[in-house]
Amino acid sequence: MAEDLKSLNFIEQIIEDDLKLDYTQSQLQFRFPPEPNGYLHIGHASAICLNFGLGLSYKAPVNLRFDDTNPTKEEQEFVDAIKRDVEWLGFNWANECYASDYFQQLYDWAVMLIKNGDAYVDSQTSAEIAEQKGTPTSPGTNSPFRDRSVEENLQLFEAMKTGEAEEGKHVLRAKISMSAKNMLMRDPVMYRSMHKAHHRTGDHWKIYPMYDWAHGQSDYIERVSHSFCTLEFQPHRELYNWFAKKVLAPDTLKPKQREFARRNLSHTVVSKRKLLKLIEHGIVESWDDPRMPTISGMRRRGYTPEAIVNFANSIGIGKRENTVNLSHLEFCVREDLNKKAPRVMGVLDPLKVLITNYPEDKEEWLEAENNPENEAAGSRKVPFSREIYIEKEDFREEANRKFFRLKLGKEVRLKNAYIIKAESCTKDENGNVIEVQCTYDTDSRSGSGTEASLRKVKGTLHWVSIQHAIPAKVRLYDRLFTVENPDQDKDKDFLEHVNPNSLEVITAQVEPSLKDANPGDRFQFQRMGYFCVDTTSTTEHLVFNKTVGLRDSWKG
RNA sequence: UAAUCUGUGGUGCAAUGGCAGCACACCGGACUUUGACUCCGGAGAUGAUGGUUCGAAUCCAUCCAGGUUAACCA
């Protein structure tokens, strides 16, 4: 059973209703059925969380099934990537299944349909077949081959199967009705001949089943009770049931297809074609570019699987058109990272500060808390010295009283260190401040317990000691598109909405403890945001990706 | 204009004939050695009309708006 108090979404409601009528809990079974023709993205994550989430709450098995019925588009590489991504999200499938494992059974059933007069071989071109399809408002017309004898159909289908028949010469069609209101019921194609090697079955098959013929029967073979898919498959349901009725024994429990609305994310595109275009145009580097909405891209960006799962679960499931704000995803990422990410100090845009009354040869290693949200995270030491970097935007010669940062004549706290006061600054020939001279309150060291250390000063800055800092390449990301629905514009190509400033690469100065950071490690650069060590990062050349900024309520 | 699905604050979801609620976003305040986190508060919605009912977001009717469906893709 699902949680008692939580209200049920319409999918859970369907299951609860079925449990009352014709299913026992042990008969419940689900599946996640990707086609291995590309990388999983945030939209798939919703479907994964729905199906595997249902599996968890009803203690039911969930299969990972590859819908590999079209060898022209599918590759082993994608199978591997999909498995990696589902695993990374934290889900375990009961069985790893392939539609291609059912090709023989599907073929046998197709022969049965032919024998029963429910399917026929059509020898027209695809254009001719399309021509006869009719339109939603007008009926189609019968194929001249519709009434071929069972014997002839059997013989031709066999020739298709062996490859004896010319490729593309014939198709197998279900014999339903060319005047059905539902276009999909107008004698849909069940098999096409393709003399193309399949990534799993090799050259064994010269014919491949279409989605509608393969999917429902695969559900049945695996004993899937509920087959959830997105709304655009709604018209397929009638055909799904028609095939089930023809193939399944009358008294067996038939799998049910039910549809939910796909989740759209603002400022994002997910269609494979469009994502590929982004790569081809050099707008992003690869499928796992941290700006991509792919699972692998989000992983490289530093998003956690928990954040993605929380996101998917928190937006719920419905049947209406929707666009979820990207800011909601970002909230989920921050919420999770806030609990987990160790705090460090890194200065993105360095400005030199000279502490004039701090001895030149002195250095101190100061205690710094790793995570205020988690005492168990412990602490580390950070070096302090006479010359430090602070963020350029944290200093102004003059500013109003809402500026809680460093300005001439005023004090700020250096995080984990001392209170400093800006006395003067020097500028280059263009008038840019290149150094700030400060004095420090010698008794104000953080944690020292002195009266001065407990003084309240408005404003705390992060910093790094210049002589100890290590340089790091940091990639700052912004949303990839400037508008909410980049692919919904009828007049403009989605590429016109690309944000030209979605990536900025800078060299930051970070505290020395980061020397040992490993690819995949996530940190909060205090006051700056969350950052993740990139897959290409090495000890000699640190590379960070900005995951997401901190919430910033300062209207500076 | 054939069939079918869907209309609840800016966004996403709840309320299953009984006080329209939650989250994000937004605005204000408290706290703060992160302008973060946390806490407190605020504003903001049932597409329209009619009907049934003591009572309608929910049931009925009509209308309006939007989506989906015409690949040898999935």
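Naming: A, B, ... by sequence-line order, numbering from 1 per chain.
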Colleague: Rounded to whole Å, please give me the gap between CD in A:Glu16 and P in B:U16.
Modeller: 16 Å
Colleague: Tell me what A:Glu259 touches on the nucleic acid: a base, only sugar-phosphate, or nothing, going by heavy atoms under 4.0 Å.
Modeller: nothing
Colleague: Can A:Gln124 and A:Glu131 be counted as having a side-chain donor-acceptor contact under 3.5 angstrom?
Modeller: no
Colleague: Could you tell me whether A:Thr323 contacts a base, only the sugar-phosphate backbone, or nothing, with contacts defined as non-hydrogen atoms closer than 4.0 Å?
Modeller: sugar-phosphate
Colleague: If only side-chain N and O atoms count, and only distance matters, is there a donor-acceptor pair under 3.5 Å linking A:Ser100 with A:Arg200?
Modeller: yes
Colleague: What is the distance from CD of A:Glu484 to P of B:U11, rounded to the nearest Å?
Modeller: 8 Å
Colleague: Atom CZ of A:Arg273 to atom P of B:A71: distance rounded to whole Å?
Modeller: 16 Å
Colleague: Indicate, yes or no, whether a donor-acceptor pair under 3.5 Å links the base of B:U69 to the side chain of A:Glu232.
Modeller: no
Colleague: With a 6.0 Å cut-off on ring centres, are A:Phe103 and A:Tyr208 close enough?
Modeller: yes
Colleague: Which is true for A:His462 with a 4.0 Å heavy-atom rule: it touches a base, it touches only sugar-phosphate, or it touches nothing?
Modeller: nothing
Colleague: Tell me whether the centres of the aromatic rings in A:Phe525 and A:Phe544 are closer together than 6.0 Å.
Modeller: yes
Colleague: Would you classify A:Ile317 as touching base, sugar-phosphate or nothing, given that sugar-phosphate means primed atoms plus P, OP1 and OP2, and contacts are heavy atoms under 4.0 Å?
Modeller: sugar-phosphate
Colleague: Going by heavy atoms closer than 4.0 Å, what residues in residues 168-176 of chain A are next to RNA chain B?
Modeller: A:Gly168, A:Val171
Colleague: Mind calculating the distance between CG (A:Asn485) and C1' (B:G10) to the nearest angstrom?
Modeller: 13 Å
Colleague: Please check if the distance between the ring centroids of A:Phe311 and A:His328 is under 6.0 Å.
Modeller: yes
Colleague: Would you check if there is a donor-acceptor pair between the side chains of A:Glu391 and A:His462 at a distance under 3.5 Å?
Modeller: yes
Colleague: Once you round it to whole Å, what is the distance between P of B:C72 and OH of A:Tyr120?
Modeller: 12 Å
Colleague: Given that A:Arg320 and A:Thr125 both sit by RNA chain B, which one's nearest nucleotide is further toward the 5' end?
Modeller: A:Arg320
Colleague: Could you tell me how the ring of A:Tyr211 sits relative to the ring of A:His236: parallel (under 30°), tilted (30 to 60°) or perpendicular (over 60°)?
Modeller: perpendicular
Colleague: Of the residues in residues 183-200 of chain A, which ones touch RNA chain B at a heavy-atom distance under 4.0 Å?
Modeller: A:Met183, A:Val189, A:Arg192
Colleague: Quickly work out the A:Tyr211 OH to B:U69 C1' distance and round it to whole Å.
Modeller: 14 Å
Colleague: Could you write nucleotides 29-38 of chain B as a row of B, S and -, 5' to 3', where a protein heavy atom under 4.0 Å of any base atom gives B, of only sugar-phosphate atoms gives S, and otherwise -?
Modeller: ---BBBBBB-
Colleague: So which nucleotide from B:G10, B:C13, B:A15 ends up closest to the side chain of A:Asn325?
Modeller: B:G10
Colleague: Is the closest side-chain donor-acceptor distance between A:Ser123 and A:His170 under 3.5 Å?
Modeller: yes
Colleague: Can you run through RNA chain B from 5' to 3' and write each base as (, ), [, ], | or . depending on how it pairs? Watson-Crick or G-U wobble, both distances under 3.5 Å.
Modeller: .((((((..((((....[..)))).(((((.......)))))....(((((..]....))))))))))).....
Colleague: With ring centroids as reference points, do A:Tyr418 and A:Phe384 lie under 6.0 angstrom apart?
Modeller: yes
Colleague: Which whole-number value in Å describes the distance from A:His328 NE2 to B:C26 C1'?
Modeller: 16 Å
Colleague: Are side-chain N/O atoms of A:Glu367 and A:Ser379 paired as donor and acceptor at under 3.5 Å?
Modeller: yes
Colleague: Give a yes or no on this: more than 12 heavy atoms of other residues, nucleotides or ligands lie within 6.0 Å of atom NZ of A:Lys421.
Modeller: no
Colleague: Choose from B:A2, B:A74, B:A15 the nucleotide whose nearest atom is closest to any side-chain atom of A:Ser7.
Modeller: B:A15
Colleague: Do A:Phe10 and A:Phe260 make the cut of ring centroids closer than 6.0 angstrom?
Modeller: no
Colleague: In whole angstrom, what separates A:His44's NE2 from B:A74's P?
Modeller: 14 Å
Colleague: Could you run down nucleotides 40-46 of chain B 5' to 3' and tag each one B, S or - for protein heavy-atom contact under 4.0 Å?
Modeller: -------
Colleague: If the P atom of B:C19 is compared with that of B:A15, how far apart are they to the nearest Å?
Modeller: 13 Å
Colleague: May I ask you to check whether A:Phe523 and A:Phe531 place their ring centers less than 6.0 Å from one another?
Modeller: no
Colleague: Just say parallel, tilted or perpendicular for the rings of A:Tyr39 and A:Phe78, cut-offs at 30° and 60°.
Modeller: perpendicular
Colleague: Near RNA chain B, under 4.0 Å by heavy atom, which residues of residues 126-140 of chain A?
Modeller: A:Ser126, A:Lys133, A:Thr135, A:Pro136, A:Thr137
Colleague: Salt bridge between A:Asp122 and A:Arg173, side-chain N to carboxylate O under 4.0 Å?
Modeller: yes
Colleague: Any donor and acceptor pair, going by atom type alone, linking the side chain of A:Asp68 with main-chain N or O of A:Ala99 inside 3.5 Å?
Modeller: yes
Colleague: Taking the six-membered ring of A:Phe395, is NZ or CZ of A:Lys407 closer than 6.0 Å to its centre and within 45° of its axis?
Modeller: no
Colleague: Quick check for you: among B:U6, B:C13, B:G67, whose closest atom lies nearest to any side-chain atom of A:Lys319?
Modeller: B:U6
